[in-house]
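In what follows, every chain begins at residue 1, and chains take the letters A, B, ... in the order their sequences are listed. Basis for what follows: all heavy atoms, side chains included, without hydrogens, waters or symmetry-related copies.
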Protein chains: 2
Amino acid sequence: MDSTRDKIIKAASSLFYKQGIRSVSVDAIAEKAGLTKRSLYYHFKSKDDLIEAYLKGRDKPNLDTFEKWYEEAEGDAGQKVRAIFTNLARSARSPNWKGCGFLRTSAELVTMPGHPALKAANQHKAGFERWLGDRLASAGASHPKGLPQQIRLLLDGAFSVVLLNRDPTYMEIAGEAAQTLVKASLNAVKVSVAD
Amino acid sequence: MDSTRDKIIKAASSLFYKQGIRSVSVDAIAEKAGLTKRSLYYHFKSKDDLIEAYLKGRDKPNLDTFEKWYEEAEGDAGQKVRAIFTNLARSARSPNWKGCGFLRTSAELVTMPGHPALKAANQHKAGFERWLGDRLASAGASHPKGLPQQIRLLLDGAFSVVLLNRDPTYMEIAGEAAQTLVKASLNAVKVSVAD
DNA sequence: CGTTGTATACCGACTAGTGAATATACAGTA
DNA sequence: TACTGTATATTCACTAGTCGGTATACAACG
């Protein structure tokens, strides 16, 4: 039993992800949600408000998916990180896959720095880094200087590259690189402990 | 002495890069180019045509800049690759910097797979990988399996991340990671030769 | 005379957002 | 039980403006 507000967010999210922000009209969202535009404007004060709600609503589900992929993977931290990319590669093979909604929205809203949706996108990505840093730290790679950021760079790079060339192989390549970096970081710790 | 066509491409490129594709009207481009819309449509058959010309026009200049940065850097291949990211970090500190036009365009045109502009973007990125692969190969990292792709992933990742969070530090972090990967690849070759 | 290029003026479709009326649900009260 | 007040939620019809693209005309030039 979705509230009306939830129905609107669902409709908006689906359309925004599929087609982008500017190319989706408020009319289209209202129609998909099964109500008139005027009703939509009763629940949201503007289209910008809707964009923000879209990204805020994707934060937890996305993070939960990463968490699940990481947990159910076998092996050491490097292999578990790599598993995220492997799973993403599988997703990317679906024709419905359209890259990362956060990144695409940020590309479209360059003219609006400070837009609340961009803040939400930033918080989501920062949350991912924090989560990854925690996992890595508890795996022994204590204080892996810049490692979560490096992996995030590979992840967001893979999103962008595969969106452009539609070759999910790049997702696997990014996964290999991420595993290499984790391994290098663990070795560095081992060496410094041995000294 | 720019031809009318060149003036139009310049105006379009400037506006597209600054504001994105959909948010720029053909009227605005015509005005910036100093002619009427009807004249613009004499030289280009559609806005899509203009988008394609925009990206095609950016291919060589961008590649040349990378080439220059690589050549003028000191040190081994790893350090030269890293220099590209360092230079990019400097660019990214300018308020006019708006990420990678190819990537942003690809994010905006998700609904138009096969769009000629997307093909141009793909060719540009493939050209970058080829160029990088050549440099790496002649530096001794012969057939560095997936290395140019990995570095491209870091590069495009850095474009996307810095566009979102406006923190050029990530450009440097990507540069470090790229250097690490080059070094690891060179070592792997050394080891396999020693065996 | 014909080709190339420019200008004015316009088209139909679509845009985000709003004014004003109305339907629905539920509280207090006689 | 029946009436009334009020907040919530929804609808239709509309505004004022923008969009990509075009019909028509005409000027310059070889």
Side-chain angles (χ1 to χ4, degrees), chain A residues 1-55 104-105 107-118, chain B residues 1-56 104-105 107-118 120:
Chain A
M1 52 157 207
D2 272 355
S3 70
T4 302
R5 196 188 149 88
D6 286 345
K7 269 196 302 202
I8 296 170
I9 294 182
K10 271 190 187 167
S13 298
S14 159
L15 290 172
F16 282 151
Y17 181 72
K18 227 176 284 182
Q19 310 177 34
I21 306 297
R22 295 196 74 108
S23 76
V24 169
S25 71
V26 177
D27 287 283
I29 297 169
E31 190 189 335
K32 176 140 193 169
L35 34 71
T36 53
K37 181 162 57 164
R38 199 66 186 82
S39 301
L40 184 152
Y41 272 103
Y42 175 81
H43 295 275
F44 295 88
K45 71 176 211 293
S46 66
K47 187 181 180 181
D48 287 315
D49 204 18
L50 220 37
I51 303 167
E52 184 188 1
Y54 155 50
L55 290 191
R104 277 174 47 213
T105 302
E108 269 200 78
L109 300 189
V110 267
T111 54
M112 321 180 79
H115 191 294
L118 295 181
Chain B
M1 53 155 206
D2 272 356
S3 71
T4 302
R5 196 188 149 88
D6 285 346
K7 270 197 302 203
I8 296 171
I9 294 182
K10 270 190 188 168
S13 298
S14 159
L15 290 172
F16 283 151
Y17 181 72
K18 228 177 282 182
Q19 309 176 35
I21 306 297
R22 294 198 72 108
S23 76
V24 169
S25 70
V26 177
D27 288 283
I29 297 170
E31 190 189 337
K32 176 141 193 166
L35 33 69
T36 57
K37 183 163 58 164
R38 192 60 189 84
S39 301
L40 184 152
Y41 272 103
Y42 176 80
H43 295 275
F44 295 88
K45 69 175 214 292
S46 66
K47 187 181 182 181
D48 288 315
D49 204 16
L50 222 37
I51 304 168
E52 184 188 2
Y54 154 51
L55 290 191
K56 278 191 169 162
R104 275 173 47 214
T105 302
E108 267 198 80
L109 300 188
V110 269
T111 52
M112 320 179 77
H115 191 293
L118 296 181

Q. Which pairs, with at least one residue in residues 22-44 of chain B and sequence neighbours excluded, count as a ring-ring contact (aromatic ring centres under 6.0 Å, His included)?
A. none

Short N/O separations, protein against nucleotides 24-30 of chain D, under 3.5 angstrom:
none

Q. Which two nucleotides bound the region of DNA chain C that has atoms under 4.0 Å from heavy atoms of chain B, read 5' to 3'?
A. dT4(C) to dT8(C)

Q) Between Thr4(B) and Tyr41(A), which has a closest nucleotide on DNA chain C that is more 5'? A) Thr4(B)

Q | Euclidean distance, Leu118(B) CG relative to Leu55(B) CG, rounded to 0.5 Å | A | 8.0 Å

**Q.** Residues in side chain to side chain donor-acceptor pair (under 3.5 Å) contact with Thr36(B), at least two apart in sequence or another chain
**A.** Ser39(B)

Q: Please name all residues satisfying salt bridge (Lys or Arg N to Asp or Glu O under 4.0 Å) with Lys7(B), sequence neighbours left out, ordered by chain then number.
A: none

Q. Rounded to the nearest 0.5 Å, how far apart are CG of Leu35(B) and CG of Leu40(B)?
A. 6.5 Å

Q: Report the residues that fulfil side chain to side chain donor-acceptor pair (under 3.5 Å) with Ser25(A), sequence neighbours left out, ordered by chain and then residue number.
A: none

Q. Rounding to a whole Å, what distance do you find between Leu50(B):CG and dC19(D):C1'?
A. 15 Å

Q | Nearest heavy-atom neighbours spanning Ala107(A) and Ala107(B) | A | CB-CB, 3.9 Å

Going by atom type alone, with no hydrogens or angles, which donor-acceptor pairs under 3.5 Å involve a side-chain atom of residues 15-24 of chain B and a protein atom two or more places apart or on another chain?
unit_1	atom_1	unit_2	atom_2	d
Tyr17(B)	OH	Lys98(B)	N	2.7
Tyr17(B)	OH	Gly99(B)	N	3.4
Tyr17(B)	OH	Gly99(B)	O	2.8
Ser23(B)	OG	Gln19(B)	O	2.6

Q) Rounded to the Å, how far apart are Lys37(B) NZ and dA23(D) C1'? A) 13 Å

Q) Do the side-chain N or O atoms of Ser39(A) get closer than 4.0 angstrom to the phosphate oxygens (OP1, OP2) of dT10(D)? A) no

Check nucleotides 6-8 of chain D for protein N or O atoms closer than 3.5 Å to its own N or O atoms and list the pairs.
none

Q: Go through residues 22-35 of chain A and report each residue with a non-hydrogen atom lying under 4.0 Å from DNA chain D, sorted by number.
A: Leu35(A)

Q: Measure the OG-CD1 distance between Ser13(B) and Ile8(B) for me, rounded to the nearest 0.5 Å.
A: 11.5 Å

Q.
If I take atom NE2 in residue His43(B) and atom C1' in nucleotide dT22(D), what distance separates them, rounded to the nearest angstrom?
A. 16 Å

Q: Using whole Å, report how far CG of Leu40(B) lies from P of dG20(D).
A: 11 Å

(Q) Quick check for you: to the nearest 0.5 Å, what is the distance between Glu108(B) atom CD and His115(B) atom NE2? (A) 11.0 Å

Q) Do any pairs count as a salt bridge (Lys or Arg N to Asp or Glu O under 4.0 Å) and have a residue in residues 33-51 of chain A, sequence neighbours left out, and if so which ones? A) Asp27(A)-Lys37(A)

(Q) Suppose we screen for side chain to side chain donor-acceptor pair (under 3.5 Å). Which residues come up paired with Lys32(A), at least two apart in sequence or across chains? (A) Ser14(A)

